[in-house]
J.: 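Okay, here's the structure, questions in a sec.
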Amino acid sequence: MINTASLRAEQSDKARLIVRDDQLGFTEPDWIAGADVGFEQDGTITRAAIAILSYPGLDLVEYQIARVPTNIPYIPGLLSFRECPALLAAWQKLTIKPQLLFVDGQGIAHPRRLGVASHFGLLADVPAIGVAKSRLCGQHRPLTEAPGDLAELTDKNEFLGWVWNSKARCKPLYISVGHRISPDSALTWVKRCMRGYRLPEPTRWADAIASRRPAFLRWLAEHPEKSID
DNA sequence: GCGACAG
DNA sequence: ATCTTGTCGC
């Protein structure tokens with residue numbers, strides 16, 4: 001069994017190291033990446049994928065996949081301990097290191113302010129943004145139906161991030177600081193990576209690769225030379 | 001004690 | 001997250 005109390009203590013400890021201001025080191029990045037994980041065989045294997053996209057073209061130029069045994073079960077609030085090992089393995093395989101990374105999950109919009117996007121951003125020492133598809137904690141004004149509607153996500157009087165209607169008739173995105181970036185920049189860069197879908201391109205590709213979606217399999221068929229594993 | 005709860 | 005067909009709406 002795992003000691004959840006010590007893991008929570010570790011989060012509170014590391015949360016103090018998260019940088020909530022811009023340390024981007026670029027005006028226009030060359031590469032922006034997306035990171036996500038999927039599971040194989042009843043969840044016994046965690047498959048992490050990191051997709052490197054060109055900017056501003058947003059074309060998939062590289063991807064790496066890492067498969068590692070799943071050690072920790074899914075426990076709300078402790079997701080990073082389940083996913084970071086695999087994500088780090090994929091990260092180390094990269095030929096191109098992105099200047100900015102979108103992680104599927106919360107950044108500081110977390111009970112102890114260390115969601116997977118912040119935790120991984122800290123471990124990899126890379127500017128990171130948390131792009132989640134649902135809420136973990138915090139409160140916000142009900143959004144309208146209007147695409148582009150934006151609300152602040154707050155908890156205990158503390159600003160955590162944004163709730164944003166990225167596309168009409170779709171559930172909103174929860175965007176928060178991961179590491180080394182400001183809340184405003186996080187929102188700006190997510191917006192700059194949208195291409196008409198609910199999810200920004202880096203996240204969309206990472207999800208397609210990690211979960212072997214048809215879109216990725218079709219891309220592979222058209223780019224046999226870029227096939228790995 | 002009860003309800004909520006990223007992926 | 002994952003298992004899965006059809007179906008409703010733009």
Side-chain angles (χ1 to χ4, degrees), chain A residues 2 4 7-8 10-12 14-15 18 34-51 65-88 90 101-123 128-140 142 145-148 153-156 160-179 186 190 196-200 202-214 216-217:
Chain A
I2 58 176
T4 60
L7 295 183
R8 288 169 194 277
E10 181 179 337
Q11 291 181 323
S12 299
K14 288 182 172 170
I18 294 303
D36 190 20
V37 309
F39 297 90
E40 304 175 10
Q41 311 166 21
D42 298 304
T44 56
I45 299 215
T46 299
R47 183 202 293 124
I50 295 182
I65 295 173
R67 300 170 70 258
V68 308
T70 305
N71 315 318
I72 301 177
Y74 169 65
I75 300 173
L78 299 181
L79 180 67
S80 63
F81 294 103
R82 175 177 163 88
E83 303 190 340
C84 280
L87 288 173
L88 274 176
L101 178 70
F102 289 17
V103 180
D104 190 318
Q106 313 291 349
I108 60 172
H110 174 279
R112 288 165 296 286
R113 312 299 181 247
L114 195 83
V116 62
S118 294
H119 201 159
F120 187 75
L122 183 65
L123 295 178
I129 300 173
V131 180
K133 300 182 291 299
S134 62
R135 186 192 67 90
L136 172 61
C137 70
Q139 307 78 223
H140 63 85
E145 292 296 288
L153 180 68
T154 59
D155 186 33
K156 299 173 184 173
L160 295 185
W162 312 101
V163 186
W164 181 54
N165 271 343
S166 60
K167 184 182 181 183
R169 299 175 303 284
C170 285
K171 300 306 296 178
L173 257 34
Y174 293 75
I175 301 162
S176 61
V177 166
H179 188 44
V190 167
Y197 297 92
R198 181 197 180 205
L199 300 176
T203 303
R204 235 164 59 81
W205 273 111
D207 173 76
I209 297 169
S211 297
R212 306 204 148 183
R213 309 287 187 200
F216 172 58
L217 298 180

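Everything numeric here is computed off the predicted structure, so don't read it as measured data. In the text below, chain A, chain B and the rest are named by the order of the sequence lines, each starting its count at 1.
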J.: Need one value for A:G38: base, sugar-phosphate or nothing, where a base atom within 4.0 Å counts as base even if backbone is also close, heavy atoms only.
T.: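 Sugar-phosphate: the residue A:G38, judged by heavy atoms under 4.0 Å, touches backbone atoms but no base.
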J.: Does some side-chain heavy atom of A:L160 sit less than 4.5 Å from a side-chain heavy atom of A:C137?
T.: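 They are in side-chain contact.
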J.: Please classify the nucleic acid contact of A:Y74 as base, sugar-phosphate, or nothing, using heavy-atom distances under 4.0 Å.
T.: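 Here A:Y74 touches the bases of the nucleic acid.
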J.: Using a heavy-atom cut-off of under 4.0 Å over every strand shown, decide if A:R113 touches base, sugar-phosphate, or nothing.
T.: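 Answer is nothing: A:R113 stays at 4.0 Å or more from every strand.
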J.: Rounded off to whole Å, could you give me the CZ-to-P distance for the A:R198 and C:dC10 pair?
T.: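 Checked: the CZ to P distance equals 19 Å.
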J.: For residues 73-87 of chain A, which side-chain donor-acceptor pairs fall under 3.5 Å, sequence neighbours excluded?
T.:
| unit_1 | atom_1 | unit_2 | atom_2 | d |
| --- | --- | --- | --- | --- |
| A:S80 | OG | A:H119 | ND1 | 2.8 |
| A:R82 | NH1 | A:I72 | O | 2.8 |

J.: A:D36 versus A:T203: any side-chain heavy-atom pair under 4.5 Å?
T.: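 A side-chain contact is absent here, since even the closest heavy-atom pair is not under 4.5 Å.
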J.: Does anyone know the first and last nucleotide of DNA chain B in reach of chain A, 5' to 3', at under 4.0 angstrom to a heavy atom?
T.: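 The protein-touched segment is B:dA4 to B:dG7.
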J.: Starting at atom CD of A:E40, determine the distance to atom P of C:dT2, rounded to an integer number of angstrom.
T.: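 In whole Å, C:dT2 P and A:E40 CD are 10 Å from each other.
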J.: Determine, step by step, whether A:K133 and A:D104 satisfy the side-chain contact (heavy atoms from CB on, under 4.5 Å) criterion, reporting the C-alpha distance in whole Å, the side-chain angles of both residues, the deciding distance to 0.1 Å, and the verdict.
T.: CA-CA 8 Å; A:K133 300 182 291 299; A:D104 190 318; 3.0 Å; yes
J.: Quick one: label A:L173 by what it contacts on the DNA or RNA (base, sugar-phosphate, nothing), any heavy atom closer than 4.0 Å.
T.: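 The residue A:L173 makes no contact with any strand.
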J.: Salt bridge check: are A:R135 and A:D155 linked by an N-O gap of less than 4.0 Å?
T.: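 No, this pair does not count.
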J.: What pattern of brackets, bars and dots sums up DNA chain B from 5' to 3', given Watson-Crick or G-U wobble pairs under 3.5 Å, [ ] for crossing pairs and | for another strand?
T.: .......
J.: For A:R169 and A:S211, take the nucleotide of DNA chain C holding the closest heavy atom to each; which residue's nucleotide lies nearer the 5' end?
T.: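 Going by which nucleotide is closer to the 5' end, it is A:S211.
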J.: Could you walk me through whether A:S166 and A:R198 pass the side-chain contact (heavy atoms from CB on, under 4.5 Å) check?
T.: CA-CA 6 Å; A:S166 60; A:R198 181 197 180 205; 3.6 Å; yes
J.: Within the distance-only criterion (no hydrogens, no angle test), does the side chain of A:Q106 pair as donor or acceptor with the backbone N or O of A:S134 below 3.5 angstrom?
T.: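 Side chain of A:Q106 to backbone of A:S134, a donor-acceptor pair under 3.5 Å: yes, one is there.
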J.: Go through the steps for A:L153 and A:W162 under the test side-chain contact (heavy atoms from CB on, under 4.5 Å), then give the verdict.
T.: CA-CA 5 Å; A:L153 180 68; A:W162 312 101; over 6 Å; no
J.: Contact between A:R112 and A:K14 at the side-chain level, heavy atoms closer than 4.5 Å - yes or no?
T.: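 Result no, sub-4.5 Å side-chain heavy-atom pair not found.
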J.: Looking across every strand, which nucleic acid part, if any, lies under 4.0 Å from A:D36 by heavy atom: base, sugar-phosphate, or nothing?
T.: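 Answer is sugar-phosphate: A:D36 comes under 4.0 Å of backbone atoms only.
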J.: Looking only at side-chain N and O atoms, does A:R212 come under 4.0 Å of OP1 or OP2 in C:dA1?
T.: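 So the side chain of A:R212 is outside the cut-off, no N or O lying under 4.0 Å from OP1 or OP2 of C:dA1.
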J.: Rounded to the nearest Å, what distance is computed from the CG atom of residue A:D207 to the C1' atom of nucleotide C:dA1?
T.: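 So the CG-C1' distance, A:D207 to C:dA1, works out to 10 Å.
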